[in-house]
Undergrad: 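I'd like to ask you about the structure that follows.
Start at 1 with the first residue, then count along the sequence. Atoms considered below: every heavy atom in the structure, side chains included; atoms not considered: hydrogens, waters and symmetry mates.
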Amino acid sequence: MQERGHIHPISSLIREANRIFFDMGFSFEEGPLLEDEWHNFDALNVPKDHPARDMQDTFFVKGEPGMVLRTHTSPVQIRYMESQMKKGVQPPYRVIVPGKVFRNEATDMTHEAEFFQIEGLAVGEDVTLANLKGTLARFFKELFKGAQVEIRFRPSFFPFTEPSVEVDMRITGENAPAKLRDKWIEMMGAGMVHPQVLKNAGVDPEKYQGFAFGMGLDRLALLRWGIDDVRHMHSADLRFINQF
(Lines give C-alpha, C1' and ligand atoms only; values in the text may rest on other atoms or scores of the structure.)
Protein backbone atom coordinates (compact mmCIF):
# COMPACT_ATOMS: atom_id res chain seq x y z
CA MET A 1 0.00 0.00 0.00
CA GLN A 2 1.32 3.43 -0.93
CA GLU A 3 2.08 5.57 2.11
CA ARG A 4 0.00 8.72 2.37
CA GLY A 5 1.63 12.09 2.96
CA HIS A 6 0.98 14.38 5.90
CA ILE A 7 -0.58 17.83 5.90
CA HIS A 8 1.63 20.65 7.17
CA PRO A 9 0.15 22.22 10.33
CA ILE A 10 -0.12 25.63 8.63
CA SER A 11 -2.04 24.12 5.71
CA SER A 12 -4.27 22.30 8.17
CA LEU A 13 -5.00 25.53 10.07
CA ILE A 14 -5.78 27.44 6.86
CA ARG A 15 -8.24 24.76 5.75
CA GLU A 16 -9.93 24.69 9.13
CA ALA A 17 -10.09 28.49 9.39
CA ASN A 18 -11.58 28.70 5.90
CA ARG A 19 -14.30 26.24 6.90
CA ILE A 20 -15.14 28.01 10.16
CA PHE A 21 -15.26 31.50 8.64
CA PHE A 22 -17.12 30.29 5.53
CA ASP A 23 -19.89 29.07 7.84
CA MET A 24 -20.06 32.61 9.25
CA GLY A 25 -20.46 34.14 5.78
CA PHE A 26 -16.85 35.06 4.99
CA SER A 27 -15.31 34.47 1.58
CA PHE A 28 -11.67 33.67 0.81
CA GLU A 29 -9.40 36.28 -0.78
CA GLU A 30 -5.70 36.46 -1.63
CA GLY A 31 -3.28 39.02 -3.00
CA PRO A 32 0.28 39.48 -4.26
CA LEU A 33 3.33 38.79 -2.08
CA LEU A 34 5.18 41.60 -3.87
CA GLU A 35 3.23 44.70 -2.93
CA ASP A 36 3.41 48.44 -3.63
CA GLU A 37 3.83 50.89 -0.79
CA TRP A 38 0.38 52.40 -1.36
CA HIS A 39 -1.45 49.16 -0.54
CA ASN A 40 1.03 47.97 2.09
CA PHE A 41 1.35 51.27 3.98
CA ASP A 42 -0.31 54.46 2.72
CA ALA A 43 -3.84 53.19 2.13
CA LEU A 44 -3.73 51.60 5.59
CA ASN A 45 -3.05 54.96 7.24
CA VAL A 46 0.61 54.14 7.98
CA PRO A 47 2.48 57.46 7.66
CA LYS A 48 5.73 57.95 5.77
CA ASP A 49 7.73 58.26 9.00
CA HIS A 50 6.27 55.15 10.65
CA PRO A 51 8.96 52.77 12.04
CA ALA A 52 7.47 49.83 10.10
CA ARG A 53 8.85 51.38 6.91
CA ASP A 54 12.42 51.20 8.16
CA MET A 55 14.82 48.68 6.66
CA GLN A 56 14.85 46.81 10.00
CA ASP A 57 11.24 45.70 9.45
CA THR A 58 10.55 45.77 5.72
CA PHE A 59 12.18 44.02 2.78
CA PHE A 60 12.40 46.60 0.00
CA VAL A 61 12.92 45.15 -3.47
CA LYS A 62 16.14 46.15 -5.22
CA GLY A 63 15.50 47.54 -8.68
CA GLU A 64 11.76 47.93 -8.00
CA PRO A 65 11.23 51.41 -6.48
CA GLY A 66 8.20 51.60 -4.22
CA MET A 67 7.81 47.83 -4.02
CA VAL A 68 8.13 45.66 -0.88
CA LEU A 69 7.57 42.10 0.22
CA ARG A 70 4.27 42.55 2.01
CA THR A 71 4.65 42.93 5.76
CA HIS A 72 1.07 41.87 6.58
CA THR A 73 -2.03 40.55 4.83
CA SER A 74 -3.92 43.84 5.31
CA PRO A 75 -3.18 45.13 1.77
CA VAL A 76 -5.65 42.54 0.49
CA GLN A 77 -8.39 44.34 2.45
CA ILE A 78 -7.70 47.46 0.40
CA ARG A 79 -7.46 45.57 -2.89
CA TYR A 80 -10.70 43.73 -2.21
CA MET A 81 -12.67 46.85 -1.32
CA GLU A 82 -11.22 48.70 -4.31
CA SER A 83 -12.22 45.89 -6.66
CA GLN A 84 -15.76 45.74 -5.26
CA MET A 85 -16.24 49.50 -5.56
CA LYS A 86 -14.98 49.43 -9.19
CA LYS A 87 -17.67 46.81 -9.90
CA GLY A 88 -20.26 48.98 -8.19
CA VAL A 89 -20.72 46.42 -5.42
CA GLN A 90 -21.47 48.18 -2.15
CA PRO A 91 -20.99 46.58 1.31
CA PRO A 92 -21.69 44.37 3.17
CA TYR A 93 -18.28 42.69 2.72
CA ARG A 94 -16.91 39.73 4.66
CA VAL A 95 -13.55 38.27 3.73
CA ILE A 96 -10.67 36.38 5.29
CA VAL A 97 -7.15 36.44 3.91
CA PRO A 98 -4.68 33.74 4.92
CA GLY A 99 -1.20 34.10 3.45
CA LYS A 100 2.54 34.46 3.77
CA VAL A 101 4.13 37.73 4.94
CA PHE A 102 7.70 38.93 5.40
CA ARG A 103 9.54 41.03 7.98
CA ASN A 104 13.23 41.73 8.26
CA GLU A 105 13.81 40.48 11.78
CA ALA A 106 16.14 38.06 13.54
CA THR A 107 15.14 34.40 13.61
CA ASP A 108 14.67 32.67 16.94
CA MET A 109 12.30 30.19 18.62
CA THR A 110 9.31 32.51 18.26
CA HIS A 111 10.20 34.69 15.24
CA GLU A 112 10.80 34.05 11.55
CA ALA A 113 11.54 36.41 8.67
CA GLU A 114 8.68 34.80 6.75
CA PHE A 115 5.53 33.55 8.40
CA PHE A 116 1.79 33.22 7.87
CA GLN A 117 -1.05 35.48 8.95
CA ILE A 118 -4.80 35.36 8.63
CA GLU A 119 -6.68 38.62 8.22
CA GLY A 120 -10.40 39.20 8.58
CA LEU A 121 -12.56 42.09 7.39
CA ALA A 122 -16.28 42.77 7.80
CA VAL A 123 -17.85 46.01 6.54
CA GLY A 124 -21.50 47.03 6.68
CA GLU A 125 -23.94 49.61 7.97
CA ASP A 126 -24.27 48.20 11.48
CA VAL A 127 -20.99 46.37 12.22
CA THR A 128 -19.78 46.79 15.82
CA LEU A 129 -17.06 45.64 18.23
CA ALA A 130 -19.64 43.23 19.65
CA ASN A 131 -19.80 41.56 16.23
CA LEU A 132 -16.01 41.28 16.24
CA LYS A 133 -15.99 39.69 19.69
CA GLY A 134 -18.70 37.20 18.78
CA THR A 135 -16.94 36.27 15.53
CA LEU A 136 -13.62 35.59 17.24
CA ALA A 137 -15.24 33.70 20.14
CA ARG A 138 -16.95 31.35 17.69
CA PHE A 139 -13.74 30.85 15.70
CA PHE A 140 -11.70 29.85 18.75
CA LYS A 141 -14.51 27.73 20.17
CA GLU A 142 -14.67 25.69 16.96
CA LEU A 143 -10.90 25.54 16.63
CA PHE A 144 -10.45 24.23 20.18
CA LYS A 145 -13.39 21.85 20.05
CA GLY A 146 -15.07 20.96 23.31
CA ALA A 147 -13.29 23.63 25.36
CA GLN A 148 -14.87 26.69 26.95
CA VAL A 149 -13.58 29.90 25.34
CA GLU A 150 -13.51 33.44 26.72
CA ILE A 151 -12.45 36.53 24.79
CA ARG A 152 -11.40 39.88 26.24
CA PHE A 153 -10.33 43.16 24.64
CA ARG A 154 -7.59 45.50 25.87
CA PRO A 155 -7.09 49.02 24.45
CA SER A 156 -4.26 49.31 21.93
CA PHE A 157 -3.19 51.36 18.91
CA PHE A 158 -2.86 50.52 15.23
CA PRO A 159 -2.84 53.14 12.46
CA PHE A 160 -5.53 51.33 10.44
CA THR A 161 -8.13 50.78 13.21
CA GLU A 162 -9.92 53.13 15.62
CA PRO A 163 -10.61 52.08 18.28
CA SER A 164 -7.92 49.39 18.36
CA VAL A 165 -7.74 46.40 20.69
CA GLU A 166 -5.48 43.55 21.65
CA VAL A 167 -7.45 40.32 21.82
CA ASP A 168 -6.79 37.82 24.60
CA MET A 169 -8.22 34.32 24.77
CA ARG A 170 -8.66 31.94 27.68
CA ILE A 171 -9.79 28.34 27.28
CA THR A 172 -10.95 26.15 30.11
CA GLY A 173 -12.31 22.66 30.57
CA GLU A 174 -10.96 19.14 30.28
CA ASN A 175 -10.57 19.35 26.50
CA ALA A 176 -8.36 22.44 26.64
CA PRO A 177 -4.64 21.84 25.90
CA ALA A 178 -2.83 21.53 29.22
CA LYS A 179 -0.34 24.34 28.43
CA LEU A 180 -3.16 26.78 27.63
CA ARG A 181 -5.77 25.83 30.20
CA ASP A 182 -7.02 28.71 32.38
CA LYS A 183 -4.41 31.17 31.04
CA TRP A 184 -5.09 34.47 29.30
CA ILE A 185 -3.02 34.51 26.10
CA GLU A 186 -2.61 37.43 23.69
CA MET A 187 -3.78 36.23 20.28
CA MET A 188 -4.04 39.14 17.86
CA GLY A 189 -4.62 42.78 17.11
CA ALA A 190 -8.01 44.02 15.93
CA GLY A 191 -10.40 46.94 15.95
CA MET A 192 -12.86 49.00 13.97
CA VAL A 193 -11.57 49.95 10.54
CA HIS A 194 -10.31 53.54 10.56
CA PRO A 195 -12.64 55.80 8.53
CA GLN A 196 -9.68 57.04 6.49
CA VAL A 197 -8.86 53.45 5.46
CA LEU A 198 -12.42 52.97 4.20
CA LYS A 199 -12.20 56.28 2.36
CA ASN A 200 -8.86 55.32 0.78
CA ALA A 201 -10.49 52.17 -0.62
CA GLY A 202 -13.44 54.12 -2.00
CA VAL A 203 -15.99 53.14 0.68
CA ASP A 204 -18.14 55.87 2.24
CA PRO A 205 -17.16 56.06 5.95
CA GLU A 206 -20.26 58.15 6.68
CA LYS A 207 -22.48 55.22 5.71
CA TYR A 208 -20.38 52.14 6.44
CA GLN A 209 -18.16 50.88 9.23
CA GLY A 210 -16.36 47.63 9.82
CA PHE A 211 -14.02 45.54 11.91
CA ALA A 212 -10.69 43.96 11.03
CA PHE A 213 -8.41 41.51 12.79
CA GLY A 214 -5.11 39.80 12.07
CA MET A 215 -3.26 36.96 13.77
CA GLY A 216 -0.17 34.86 13.14
CA LEU A 217 -1.00 31.34 12.02
CA ASP A 218 2.46 30.10 13.00
CA ARG A 219 1.90 31.27 16.57
CA LEU A 220 -1.57 29.74 16.63
CA ALA A 221 -0.09 26.42 15.48
CA LEU A 222 2.54 26.59 18.26
CA LEU A 223 -0.21 27.01 20.84
CA ARG A 224 -2.60 24.45 19.43
CA TRP A 225 -0.13 21.60 19.00
CA GLY A 226 2.44 22.51 21.65
CA ILE A 227 5.25 23.07 19.14
CA ASP A 228 8.30 24.51 20.90
CA ASP A 229 10.12 26.23 18.01
CA VAL A 230 8.56 28.16 15.10
CA ARG A 231 11.58 27.34 12.93
CA HIS A 232 10.34 23.75 12.64
CA MET A 233 7.50 25.11 10.49
CA HIS A 234 9.84 26.10 7.67
CA SER A 235 12.54 23.45 8.08
CA ALA A 236 11.22 21.05 5.39
CA ASP A 237 12.14 18.27 7.86
CA LEU A 238 9.81 15.35 7.20
CA ARG A 239 10.32 14.09 10.75
CA PHE A 240 8.40 17.18 11.88
CA ILE A 241 5.70 17.04 9.18
CA ASN A 242 5.07 13.34 9.68
CA GLN A 243 3.81 14.00 13.22
CA PHE A 244 0.69 15.63 11.84
Undergrad: Is there a side-chain contact between M169 and R152 (heavy atoms, below 4.5 Å)?
TA: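 When only atoms from C-beta onward are counted, R152 and M169 do not touch, as no gap falls below 4.5 Å.
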Undergrad: Closest approach of L34 and V61, non-hydrogen atoms and distance?
TA: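 For L34 versus V61, the nearest heavy atoms are CD1-CG2, 3.2 Å.
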Undergrad: Assess the residue pair E166 and S156 against the criterion (side chain to side chain donor-acceptor pair (under 3.5 Å)); give the C-alpha distance rounded to whole Å, side-chain angles, the decisive distance to 0.1 Å, and a yes or no.
TA: CA-CA 6 Å; E166 294 285 355; S156 188; 3.3 Å; yes
Undergrad: Going from CZ on F41 to NE2 on H39, what distance comes out if it is rounded to the nearest 0.5 angstrom?
TA: 13.5 Å
Undergrad: State whether the side chain of R103 and the backbone N or O of R70 hold a donor-acceptor pair below 3.5 Å, judged by distance alone.
TA: no
Undergrad: Distance only, no hydrogens: is a donor on one side chain within 3.5 Å (strictly under) of an acceptor on the other, for T71 and D57?
TA: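 No pair is found: no donor N or O on one side chain lies under 3.5 Å from an acceptor on the other.
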Undergrad: Going from CG on L129 to CZ on F211, what distance comes out if it is rounded to the nearest 0.5 angstrom?
TA: 9.5 Å
Undergrad: Do the side chain of R94 and the main chain of F22 share a donor and acceptor less than 3.5 angstrom apart?
TA: no
Undergrad: So I151 and F153, do their side chains get closer than 4.5 Å, heavy atoms only?
TA: yes
Undergrad: Kindly determine whether L143 and R224 satisfy side-chain contact (heavy atoms from CB on, under 4.5 Å), including the steps that lead there.
TA: CA-CA 9 Å; L143 194 67; R224 187 178 185 191; 3.6 Å; yes
Undergrad: Is there a donor-acceptor contact under 3.5 Å from the side chain of N45 to the main chain of F160?
TA: no
Undergrad: Answer yes or no: are there more than 12 heavy-atom neighbours, outside K145 itself, under 6.0 Å from its atom NZ?
TA: yes
Undergrad: Nearest 0.5 Å, what's the OG1-CD1 distance between T73 and I118?
TA: 8.0 Å
Undergrad: Is the number of heavy atoms from other residues, nucleotides or ligands within 6.0 Å of CD (E150) greater than 12?
TA: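 Counting other residues, nucleotides and ligands, CD of E150 exceeds 12 neighbours.
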Undergrad: Counting C-beta onward and ignoring hydrogens, is there a side-chain heavy-atom pair between F102 and L33 closer than 4.5 Å?
TA: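 Side chain of F102 against side chain of L33, heavy atoms only: contact under 4.5 Å found.
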Undergrad: Please determine whether the number of non-hydrogen atoms from other residues, nucleotides or ligands lying under 6.0 Å from atom CZ of R181 exceeds 12.
TA: yes
Undergrad: In terms of hydrophobic clusters joined by side-chain contacts under 4.5 Å, are V203 and L44 together?
TA: yes
Undergrad: For F28, does the CZ atom have more than 12 heavy-atom neighbours from other residues, nucleotides or ligands under 6.0 Å away?
TA: yes
Undergrad: Identify whether the distance between the nearest side-chain nitrogen and carboxylate oxygen of K87 and E82 falls below 4.0 Å.
TA: no
Undergrad: Between L132 and A190, what is the shortest heavy-atom contact and its length?
TA: CD2-CB, 3.8 Å
Undergrad: How far apart are the closest heavy atoms of A147 and K141, and which atoms are they?
TA: O-CG, 4.4 Å
Undergrad: Just verifying a value: how many Å separate Q77 CD and L121 CG, rounded to the nearest 0.5 Å?
TA: 4.5 Å
Undergrad: Would you say V127 ends up clustered with F26 if hydrophobic residues are merged whenever their side chains have heavy atoms under 4.5 Å apart, either directly or through other cluster members?
TA: yes
Undergrad: Go through L136 and M188 one step at a time and tell me if the side-chain contact (heavy atoms from CB on, under 4.5 Å) criterion holds.
TA: CA-CA 10 Å; L136 296 177; M188 70 179 80; 3.8 Å; yes
Undergrad: Salt bridge or not between R154 and D168? Use side-chain N to carboxylate O under 4.0 Å.
TA: yes
Undergrad: Same cluster or not: are V167 and I171 linked, directly or through other Ile, Leu, Val, Met, Phe, Trp or Tyr residues, by side-chain heavy atoms under 4.5 angstrom apart?
TA: yes
Undergrad: Give a yes or no on whether L198 and W38 share a hydrophobic cluster (residues Ile, Leu, Val, Met, Phe, Trp, Tyr; joining criterion: side-chain heavy atoms under 4.5 Å apart).
TA: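 Unlinked, L198 and W38 end up in two clusters.
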Undergrad: Do the side chains of F59 and F115 join up, straight or via other hydrophobic residues, at under 4.5 Å, putting them in one cluster?
TA: no
Undergrad: Counting C-beta onward and ignoring hydrogens, is there a side-chain heavy-atom pair between Q117 and M215 closer than 4.5 Å?
TA: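 No; the side chains remain at least 4.5 Å from each other.
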Undergrad: Between R79 and D36, does any NZ, NE, NH1 or NH2 come within less than 4.0 Å of an OD or OE carboxylate oxygen?
TA: yes
Undergrad: Could you check whether any side-chain N or O of N131 sits under 3.5 Å from a backbone N or O of T128, counting only pairs where one atom can act as donor and the other as acceptor?
TA: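 At least one qualifying donor-acceptor pair exists.
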Undergrad: Working to the nearest 0.5 angstrom, can you tell me the gap between R170 CZ and D182 CG?
TA: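 Rounded to the nearest 0.5 Å, the CZ-CG separation comes out at 7.0 Å.
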Undergrad: Do L220 and M187 have side chains that approach each other closer than 4.5 Å (heavy atoms only, starting at C-beta)?
TA: yes
Undergrad: What's the shortest heavy-atom distance between H72 and N40, and which atoms?
TA: NE2-O, 2.9 Å
Undergrad: If you count heavy atoms of other groups shown closer than 6.0 angstrom to CD of E16, is the number above 12?
TA: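 Yes, because the 6.0 Å sphere around CD of E16 holds more than 12 heavy atoms from other groups.
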Undergrad: Which atoms form the tightest heavy-atom contact between P195 and P205, and what is the distance?
TA: O-CB, 3.7 Å
Undergrad: Given side chains that start at C-beta, do those of P159 and V46 come closer than 4.5 Å, heavy atoms only?
TA: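 P159 reaches V46 side chain to side chain.
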Undergrad: Would you say V68 and E37 make side-chain contact, with heavy atoms under 4.5 Å?
TA: yes
Undergrad: Are the side chains of F21 and V95 in touch, meaning some heavy atoms are under 4.5 Å apart?
TA: no
Undergrad: Measure across A221 and I10 and return the closest heavy-atom pair with its distance rounded to 0.1 Å.
TA: CB-CD1, 4.4 Å
Undergrad: Roughly how far apart are M67 CE and F60 CZ, rounded to 0.5 Å?
TA: 12.0 Å
Undergrad: Do D204 and K199 meet the salt-bridge criterion of a basic N to acidic O distance under 4.0 Å?
TA: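 Between D204 and K199 there is no salt bridge, as every charged N stays at least 4.0 Å from the carboxylate O atoms.
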Undergrad: Would you find a donor on one side and an acceptor on the other, under 3.5 Å apart, between the side chain of S12 and the backbone of I7?
TA: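 Checking the backbone N and O of I7 against the side chain of S12, no donor-acceptor pair under 3.5 Å is found.
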Undergrad: Can you tell me if S74 and E119 form a side-chain donor-acceptor pair at under 3.5 Å?
TA: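 Checked: S74/E119 side chains pair up, N/O donor to acceptor below 3.5 Å.
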